[in-house]
Amino acid sequence: MDNLAIARILREIADLLEIKDDNPFKIRAYRNGADIAANHPHELSLLDETGLREIPGIGKDLAARIREIAGTGDTAFHRELIAEFPPTILDLLHLQGVGPKTVATLYRELDIRTLEDLESAALDGRIRALRGMGARKEGLILKALEERKRFAGRHLLPDAHDAAAALVVYLRERAPDATIEPVGSLRRGCDTCGDLDLLASGAPQSLMDDFVEYRLVERVLGHGDTRSSVLVRGGFQADLRLVAADSRGAAMQYFTGSKAHNIALRDRAIDQGFKLNEYGLFRTADDVKVAGQREEDIYAALGLDWIPPELREMRGEIDAARSHALPRLIDRGDLRGDLHMHSTETDGKDDVRTMAEAAREAGLEYIAITDHTRSLAMANGLDERRAIESAARIRAVDAEGLGVRLLAGVECDIKADGSLDLADDCLAALDIVVASVHSAFTQDREQMTARLLRAIEHPQVDILGHPTGRLILKRQPYPVDMEAVIDAAARHGVAIEINCQVHRLDLNDVHAKLARDRGVPLVISSDAHSRHAFGRLRWGVMVARRAWIQPADVLNTRPFEAFRALLRRHRRRS
DNA sequence: GCCGTTTTCGGCCCGACTGTTTTCAGTCG
């Protein structure tokens with residue numbers, strides 16, 4: 001049982017308890033436990049009771065439940081709840097405007113168990129007959145059902161970023177003197193966003209009307225004086241909040257989250273005799289506002305350094321801010337090189353010289369051309385002869401002095417047994433080797449882990465490419481013991497890639513932080529397949545920032561010669 | 001269900017909007 005599977009069961013327990021109208025704090029404890037499991041870098045199933053209980057938020061009961069899930073795949077408590085309520089009613093809970101109380105009423109009064117049951121009940125007019133419901137509520141449920149089919153959940157960060165940027169431009173035109181900024185998961189740089197949260201401070205009330213009249217709005221979910229929600233074409237829910245200019249910092253802090261970070265900050269405020277809300281930080285004794293205009297002032301008043309939004313996930317940032325130990329996070333401008341890209345030699349759209357010139361324009365000082373190898377026949381992968389010939393051409397372009405240095409490499413396939421796709425002497429003749437998995441994703445955890453370990457142990461491998469194979473919102477990562485992989489990379493001095501393809505962002509933030517903590521060198525690479533793709537480096541940098549990564553943790557922040565000297569093959573020789 | 005260097009019991013973050021209401025419950029973030 002991996003952490004995500006454990007998290008799913010704990011979250012289902014929380015949802016079912018909520019429908020049962022159980023103790024809200026118990027529900028929060030389970031939900032919190034699910035978040036802890038989902039974000040924990042280590043395999044919880046490998047920890048014993050003592051190890052689990054050392055995790056804040058995991059107590060006696062949750063530790064026992066997690067042990068039971070790890071051992072048997074489920075827990076009796078979960079099974080009991082499912083016996084009480086059909087698990088399909090959890091689908092109802094995720095509809096806009098339908099919460100636990102409504103689900104319970106629908107089940108109790110009308111025996112509604114599925115989305116199909118709900119739809120027919122709504123169409124029959126049976127829902128409006130229930131106490132507390134009406135024709136309007138019934139219509140909203142039908143709309144939510146219809147939208148669920150079209151608006152499927154979360155979005156990639158870059159897509160959300162683009163949609164939000166367009167909306168911000170529109171709003172700024174209508175309120176030029178106001179400050180309008182994205183907040184929420186967008187500002188924290190999460191790899192997916194559920195909705196677009198925007199904050200306007202110092203804007204006229206009329207901006208709310210402008211917002212709901214935005215030309216891409218498909219439905220208005222709410223329209224108030226300080227808060228409105230709409231559905232925007234493309235499947236985005238967008239929320240706009242309006243606050244006075246002197247509350248901007250408090251509102252930024254509050255609406256940026258994460259929820260867990262905010263709860264911890266409020267706890268701290270209470271301990272120190274304050275109350276914190278989206279309008280400011282107030283002294284409890286006399287209700288005097290002590291901060292609110294700037295985020296920095298709020299953190300400072302609570303005895304904390306300002307915490308970059310990407311770190312606000314309750315992964316130790318509050319302790320670090322208290323002891324002035326926050327990292328100086330990497331920026332896009334720190335990147336000097338890009339170590340993974342393709343050319344027309346295999347499945348890239350542009351030739352080597354075009355890629356080099358585009359990289360220079362993107363501000364890079366050096367690149368590695370790393371085309372695919374033989375096994376990826378679909379992409380016209382290189383065999384040994386072509387790899388050597390290609391390397392000679394790359395070095396010839398390098399010799400032209402284009403203002404950007406080139407390294408001749410490959411993205412070498414890791415075959416199903418963990419061996420590499422090209423002969424050792426060929427790999428040794430190249431400047432750099434990225435090794436990646438592109439096939440046999442269905443191997444079990446033991447096989448896949450052994451496969452990656454074997455590749456890491458290979459003396460010619462410099463970098464492990466997109467290590468988990470995930471495609472965000474499309475494909476789960478393959479099962480693999482990332483902790484073992486990271487430890488092996490640390491032992492052998494192999495770097496691990498943060499791949500910047502918007503669907504990959506692989507390593508993710510949690511594993512990248514673990515790698516950093518274990519002293520594994522990281523690289524941030526575009527995996528560009530065309531000259532237009534270098535812009536995506538910013539998204540990999542965002543992952544790195546969420547992983548607490550500083551410039552020195554990343555090999556391709558080094559100047560060219562220093563970088564070359566750090567490559568595994570050169571260290572071994574020296 | 002979790003937590004505690006004032007507490008092992010009694011707390012647990014806070015506010016806006018909507019719909020169905022005659023003063024509030026449910027949902028959402």
| field | Arg172(A) CZ to Leu167(A) CG distance, which is reported to the nearest 0.5 Å | value | 10.5 Å

| note | Rounded to whole Å, the CG-C1' distance (Asp61(A) to dC2(B)) equals 9 Å

| Interatomic distance where NE2 belongs to His94(A) and C1' belongs to dT27(B) [whole Å] | 14 Å

| message | Can you list everything that forms a ring pair (Phe, Tyr, Trp, His ring centres under 6.0 Å) with Tyr30(A)? Sequence neighbours excluded, please. | response | Phe77(A)

| query | Taking C-beta and beyond as the side chain, do Ile524(A) and Ile330(A) meet within less than 4.5 Å on heavy atoms? | reply | yes

| task | Quick one: label Phe255(A) by what it contacts on the DNA or RNA (base, sugar-phosphate, nothing), any heavy atom closer than 4.0 Å. | result | nothing

| Separation of dG26(B) P from Glu18(A) CD (nearest whole Å) | 12 Å

| task | Determine whether Glu138(A) and Ile141(A) make a side-chain contact, defined as any pair of heavy atoms from C-beta on separated by less than 4.5 Å. | result | no

| Set of residues satisfying ring pair (Phe, Tyr, Trp, His ring centres under 6.0 Å) with respect to Phe85(A), sequence neighbours excluded | Tyr107(A)

| field | dC3(B) - base-pair partner by Watson-Crick or wobble geometry, distances under 3.5 Å | value | dG10(B)

| Would a 4.5 Å heavy-atom cut-off, applied to side chains only, mark His261(A) and Gln253(A) as touching? | yes

| Just to confirm, is there a sub-4.0 Å distance from OP1 or OP2 of dG15(B) to any side-chain nitrogen or oxygen of Asn277(A)? | yes

| message | Tell me which one of Leu93(A), Leu17(A), Ile89(A) satisfies side chain to side chain contact (heavy atoms under 4.5 Å, CB included) with Pro100(A). | response | Leu93(A)

| request: Using the P atoms only, state how far dG26(B) lies from dT21(B), rounded to an integer number of Å. | output: 12 Å

| remark: Ile27(A) atom CD1 is separated from dC2(B) atom C1', nearest whole Å, by 14 Å

Please produce a list of atom pairs where a protein N or O lies less than 3.5 Å from an N or O of nucleotides 4-9 of chain B.
none

| How many Å lie between CD1 on Ile13(A) and P on dC2(B), as a whole number? | 12 Å

| Quick one: is dA16(B) close enough that its OP1 or OP2 comes under 4.0 Å of any side-chain N or O from Tyr254(A)? | no

Donor-acceptor pairs under 3.5 angstrom involving side-chain atoms of residues 48-59 of chain A: please list them, not counting sequence neighbours.
{"residue": "Asp48(A)", "atom": "OD1", "partner": "Thr50(A)", "partner atom": "N", "Å": "3.2"}
{"residue": "Asp48(A)", "atom": "OD1", "partner": "Gly51(A)", "partner atom": "N", "Å": "2.8"}

| Considering only the C1' atoms, how many Å lie between dG10(B) and dT6(B), rounded to the nearest integer? | 14 Å

| query | If we ignore angles and hydrogens, is there a donor and acceptor under 3.5 Å between the side chains of Ser258(A) and Arg312(A)? | reply | no

| query | Heavy atoms under 4.0 Å, any strand shown: does Thr102(A) hit a base, just sugar-phosphate, or nothing? | reply | sugar-phosphate

| Any Arg28(A) side-chain N or O less than 4.0 Å from OP1/OP2 of dC13(B) | yes

| task | Please measure how far the C1' atom in dA16(B) lies from the corresponding atom in dC2(B), and state the result in whole Å. | result | 29 Å

| What is the glycosidic conformation of dT6(B): syn, defined as within 90° of 0, or anti? | anti

| Phosphate contact (dC28(B) OP1 or OP2) by Gln237(A) side-chain N/O below 4.0 Å | no

| task | Pick base, sugar-phosphate or nothing for Pro100(A), based on heavy-atom distances below 4.0 Å to the nucleic acid. | result | sugar-phosphate

Show the atom names and distances, to 0.1 Å, of all donor-acceptor pairs under 3.5 Å that link a side chain in residues 505-520 of chain A to residues at least two apart or in another chain.
{"residue": "Asp506(A)", "atom": "OD1", "partner": "Thr468(A)", "partner atom": "N", "Å": "3.1"}
{"residue": "Asp506(A)", "atom": "OD1", "partner": "Thr468(A)", "partner atom": "OG1", "Å": "3.0"}
{"residue": "Asp506(A)", "atom": "OD2", "partner": "Thr468(A)", "partner atom": "N", "Å": "3.0"}
{"residue": "Asp506(A)", "atom": "OD2", "partner": "Thr468(A)", "partner atom": "OG1", "Å": "3.3"}
{"residue": "Asp506(A)", "atom": "OD2", "partner": "Gly469(A)", "partner atom": "N", "Å": "2.8"}
{"residue": "Asn508(A)", "atom": "OD1", "partner": "Val510(A)", "partner atom": "N", "Å": "3.1"}
{"residue": "Asn508(A)", "atom": "OD1", "partner": "His511(A)", "partner atom": "N", "Å": "2.8"}
{"residue": "Asp509(A)", "atom": "OD2", "partner": "Arg315(A)", "partner atom": "NH1", "Å": "3.4"}
{"residue": "Asp509(A)", "atom": "OD2", "partner": "Arg546(A)", "partner atom": "NE", "Å": "2.9"}
{"residue": "Asp509(A)", "atom": "OD2", "partner": "Arg546(A)", "partner atom": "NH2", "Å": "3.0"}
{"residue": "Arg516(A)", "atom": "NE", "partner": "Trp548(A)", "partner atom": "O", "Å": "2.9"}
{"residue": "Arg518(A)", "atom": "NH1", "partner": "Asp487(A)", "partner atom": "OD1", "Å": "2.8"}
{"residue": "Arg518(A)", "atom": "NH1", "partner": "Asp487(A)", "partner atom": "OD2", "Å": "3.2"}
{"residue": "Arg518(A)", "atom": "NH2", "partner": "Glu483(A)", "partner atom": "OE2", "Å": "3.0"}

| said: Reading DNA chain B from 5' onward, which residue's closest nucleotide shows up sooner: Arg266(A) or Val98(A)? | reply: Arg266(A)

| query | Between dT7(B) and dG11(B), how far is it from one C1' atom to the other, in whole Å? | reply | 9 Å

| request: In whole angstrom, give the distance that lies between atom CZ of Arg31(A) and atom P of dC2(B). | output: 16 Å

| message | Nearest to the side chain of Asp239(A), heavy atoms from C-beta on, is which of dC14(B), dG1(B), dG29(B)? | response | dG29(B)

| said: If I pick the P atom on dC9(B) and the same atom on dC14(B), what distance separates them, to the nearest angstrom? | reply: 25 Å

| task | Sticking with atom P, work out how far dC13(B) lies from dC17(B), rounded to a whole angstrom. | result | 23 Å

| Integer-rounded Å distance: dC14(B) C1' and Lys259(A) NZ | 11 Å

Dump every N/O contact between nucleotides 17-23 of chain B and the protein below 3.5 Å, one line per pair.
{"residue": "dC17(B)", "atom": "OP1", "partner": "Asp225(A)", "partner atom": "N", "Å": "3.1"}
{"residue": "dC17(B)", "atom": "OP1", "partner": "Thr226(A)", "partner atom": "N", "Å": "2.8"}
{"residue": "dC17(B)", "atom": "OP1", "partner": "Thr226(A)", "partner atom": "OG1", "Å": "3.1"}
{"residue": "dC17(B)", "atom": "OP1", "partner": "Arg227(A)", "partner atom": "N", "Å": "3.0"}
{"residue": "dT18(B)", "atom": "OP1", "partner": "His223(A)", "partner atom": "N", "Å": "2.6"}
{"residue": "dT18(B)", "atom": "OP1", "partner": "His223(A)", "partner atom": "O", "Å": "3.4"}
{"residue": "dG19(B)", "atom": "OP1", "partner": "Arg136(A)", "partner atom": "NE", "Å": "2.6"}
{"residue": "dG19(B)", "atom": "OP1", "partner": "Arg136(A)", "partner atom": "NH2", "Å": "2.7"}
{"residue": "dT20(B)", "atom": "OP1", "partner": "Gly134(A)", "partner atom": "N", "Å": "3.0"}
{"residue": "dT20(B)", "atom": "OP1", "partner": "Lys137(A)", "partner atom": "N", "Å": "3.2"}

| query | Given side chains that start at C-beta, do those of Arg248(A) and Glu181(A) come closer than 4.5 Å, heavy atoms only? | reply | yes

| How do Ile58(A) and Lys101(A) order along DNA chain B: which one's closest nucleotide is nearer the 5' end? | Ile58(A)

| query | Reckon Arg65(A) touches a base, only the sugar-phosphate, or nothing at all at heavy-atom distances under 4.0 Å? | reply | sugar-phosphate

| task | State, with a plain yes or no, whether a side-chain heavy atom of Val217(A) is found less than 4.5 Å away from one of Leu231(A). | result | no

| dG15(B) phosphate, OP1 or OP2, under 4.0 Å from Lys275(A) side-chain N/O | yes

| request: Mind checking Asp267(A) for me? I need base, sugar-phosphate or nothing, with any heavy atom below 4.0 Å counting as a touch. | output: sugar-phosphate

| request: Measure from CG on Leu198(A) to C1' on dG29(B) and round the result to the nearest Å. | output: 14 Å

| query | Expressed as a whole number of Å, how far does the P atom of dC12(B) sit from that of dT22(B)? | reply | 30 Å

